[in-house]
Amino acid sequence: MFSGFIQEIRNGIHGASPDLLCVAFEEPRFFEDVEAVLEADPDVVATAPRLRHYGLLYAHGRVTEKIQGTPGLVTGSYDFVELLGVDPVREQAVTGMERWLTGAAWEGLDPAFRGEDLLQVPPELIESANAPGTGPENIRIGTANGLLLSTGRVHEASYRRGQYISVLSGSIDVVGDKSKFTNARAYLALAGAYQTRHPALDSTTAFMELEPLGDMMGLTFNDPLMSEVAVRCRDGADLDTVARRLEPLIGATVLTWEEQNATYLGAVDRERGLMKLTLFAVLLVAAFLIYATLHMMVTQKTREIGVLGAMGATPTGILQVFVGTGAVLGVVGCALGAFLGVLSAHYLNDVNDWFERNFEISLFPKALFALDKVPYVVEPSWVLQVVAGALFITLLAAFLPARRAARLTPVRALSHE
């Protein structure tokens with residue numbers, strides 16, 4: 001099951017991340033210039049500009065209000081988000097953005113809105129009664145068509161499609177040797193919900209169109225309207241090789257999808273390592289039980305071992321008797337364990353659904369990782385490795401008491417009380 005979980009998590013992360021991401025440009029670059037260099041590479045299929053910033057969301061006419069407070073400070077219901085400005089058409093060419101909306105389990109999301117209309121809100125859905133007024137003069141105000149939030153955030157905060165949301169952020173304007181922080185605000189209507197199966201992205205990111213985000217941040221036509229470029233490569237391309245080849249050409253750091261999510265993937269790999277350690281500990285406990293059982297058997301059957309020796313049994317023959325006993329236990333246990341393991345994996349979701357339906361108990365909470373079902377993959381090579389390891393440890397545990405029995409002389413064994 002854990003291998004299936006790992007594979008599902010990796011597939012979700014890869015599907016939510018571009019193959020390559022160009023960041024940290026050495027100098028400001030316009031997308032058209034970078035696009036020309038990138039798409040000249042034979043392994044590059046599509047590119048898309050992105051503008052990344054941070055901000056706070058405040059929903060007008062919110063159904064439920066959350067109050068967040070610290071000693072001496074009370075604030076309204078503001079939600080922190082990472083704002084990602086995208087070109088909807090280009091973004092769909094490099095990531096699975098359209099699939100994210102198709103899979104968003106939110107009633108009222110019109111699946112017909114795609115392409116250029118991805119971040120548009122139908123006029124009949126906009127809640128004009130909750131439209132905000134104008135802001136103070138010292139706040140830069142922009143307007144945008146729509147905002148995309150994750151399904152989980154929409155459900156948690158009780159957002160409604162068409163609901164007005166204020167996006168609050170800020171920018172630093174440098175004039176000569178002085179800098180000034182300017183508040184930035186945009187009024188948007190909630191256009192839809194998305195779900196990528198990438199927990200970190202879903203919990204933090206809000207999508208809006210590239211130009212409105214640039215307008216909100218005070219960027220003009222003289223400023224590059226991007227902070228990074230997403231790239232999709234052809235199937236089968238060596239992403240590491242392509243990334244290292246592109247870096248000097250565009251003067252930026254190019255990250256593969258695994259490098260973009262190194263922290264999260266590293267945590268998942270550590271979970272795999274802990275699982276192997278736990279499995280090894282279980283095998284050691286089983287081996288100790290076999291050793292203890294055979295050790296007690298040798299102790300209790302010492303006189304019988306002496307009788308066998310007196311009747312002509314060789315030490316090798318006695319050794320084979322006890323090793324064979326341990327081998328039978330190991331073979332039967334491994335065969336039964338492998339069979340029950342594969343069977344339980346096959347019916348895992350049925351058992352989990354039965355417990356949820358009858359006892360409201362979830363053995364494996366699917367909602368925790370936004371999964372429709374508990375994933376599992378039966379890897380024959382992994383099953384064989386576990387079985388072989390278990391048999392080896394079993395035979396080793398059986399050999400130690402068997403060697404003790406084989407070393408008993410008939411006289412010493414028969415005089416045992």
Full working for side chain to side chain contact (heavy atoms under 4.5 Å, CB included) between Leu21 and Trp257: CA-CA 7 Å; Leu21 188 65; Trp257 72 269; over 6 Å; no
In sequence, state the C-alpha distance, the side-chain angles, and the governing distance for Phe25 and Met226, and then conclude on side chain to side chain contact (heavy atoms under 4.5 Å, CB included). CA-CA 10 Å; Phe25 287 88; Met226 70 164 196; 3.9 Å; yes
One pair to check against side chain to side chain contact (heavy atoms under 4.5 Å, CB included): Leu20 and Thr256. What are the steps and the verdict? CA-CA 5 Å; Leu20 301 176; Thr256 66; 3.9 Å; yes
Test side chain to side chain contact (heavy atoms under 4.5 Å, CB included) applied to Leu56 and Val81, step by step: CA-CA 6 Å; Leu56 298 172; Val81 293; over 6 Å; no
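To the nearest 0.5 Å, atom SG of residue Cys334 and atom CG of residue Leu283 are 8.0 Å apart. Interatomic distance, CD of Glu304 versus CD1 of Ile318, reported as 11.5 Å (0.5 Å rounding). To the nearest 0.5 Å, the span separating OH on Tyr291 from OG1 on Thr394 amounts to 15.0 Å. For the atom pair Tyr159 OH and Leu57 CG, the distance stands at 5.0 Å (nearest 0.5 Å). One finds the OH atom of Tyr58 at 11.5 Å from the CD1 atom of Ile165 (value rounded to the nearest 0.5 Å). Atom CG of Leu400 sits about 11.5 Å away from atom CZ of Arg404, to the nearest 0.5 Å.
Atom CG of Asn358 sits in a crowded spot, with more than 12 heavy atoms from other residues, nucleotides or ligands closer than 6.0 Å. At most 12 heavy atoms of other shown residues, nucleotides or ligands fall within 6.0 angstrom of atom CZ in Phe280. Surrounding CD of Glu26 are at most 12 heavy atoms belonging to other residues, nucleotides or ligands under 6.0 Å away. Around the CZ atom of Phe339, the shell of radius 6.0 Å holds no more than 12 heavy atoms that belong to other residues, nucleotides or ligands.
The shortest heavy-atom contact between Leu188 and Gly146 is CD2-O, 3.3 Å. Between Thr204 and Arg153 the shortest heavy-atom distance is CA-NH2, 3.9 Å. The shortest non-hydrogen separation linking Gly85 to Leu213 is N-CD2, 3.5 Å. Scanning all heavy atoms of the two residues, the minimum distance from Ala287 to Ala397 falls at O-CB, 3.4 Å. Nearest heavy atoms, Ala406 versus Pro315: CB-O, 3.3 Å. In plain terms, the two heavy atoms of Leu149 and Leu147 that are nearest each other are CD2-CD2, 4.0 Å.
Looking at residues two or more places apart in sequence or on another chain, you find no ring pair (Phe, Tyr, Trp, His ring centres under 6.0 Å) involving His53.
Met217 places a side-chain heavy atom less than 4.5 Å from the side chain of Ser169. Annotation: side chain of Leu391 is in contact with side chain of Val331 (closest heavy-atom distance under 4.5 Å). Contact of the Leu239 side chain with the Cys233 side chain is registered, since non-hydrogen atoms from C-beta on lie closer than 4.5 Å. A 4.5 Å side-chain heavy-atom check between Tyr347 and Leu343 finds at least one atom pair inside the cut-off.
No donor-acceptor pair under 3.5 Å is formed between the side chain of Gln163 and the backbone N or O of Leu190. In this structure, Ser166 contributes its side chain and Tyr187 its backbone to no donor-acceptor pair below 3.5 Å. In this structure, Gln92 contributes its side chain and Met97 its backbone to no donor-acceptor pair below 3.5 Å. Although no hydrogens or angles enter the test, the distance criterion places no donor-acceptor pair under 3.5 Å between the side chain of Ser17 and the main chain of His14. No donor-acceptor pair under 3.5 Å is formed between the side chain of Thr95 and the backbone N or O of Pro18. Looking at Asp202, its side chain does come within 3.5 Å of a backbone N or O of Thr196 through a donor-acceptor pair.
Tested against Phe31, the residues Leu225, Asp87, Thr47, Leu51 include a single side-chain contact (heavy atoms from CB on, under 4.5 Å) partner, Thr47. Residue Cys22 is tested with Val254, Thr253, Leu246 for a side-chain contact (heavy atoms from CB on, under 4.5 Å); the sole match is Val254.
Note on residues 313-327: no pairs pass side chain to side chain donor-acceptor pair (under 3.5 Å), not counting sequence neighbours. Within the structure, salt bridge (charged side-chain N to carboxylate O under 4.0 Å, His left out) pairs that include any residue of residues 34-60 comprise Glu35-Arg90, Asp41-Arg245, Asp43-Arg234, Asp43-Arg245, Arg50-Glu91, Arg50-Glu228, Arg52-Glu82, Arg52-Glu228 (at least two apart or interchain).
Between Trp100 and Phe207, the ring planes lie tilted relative to each other; the angle falls in the 30° to 60° range.
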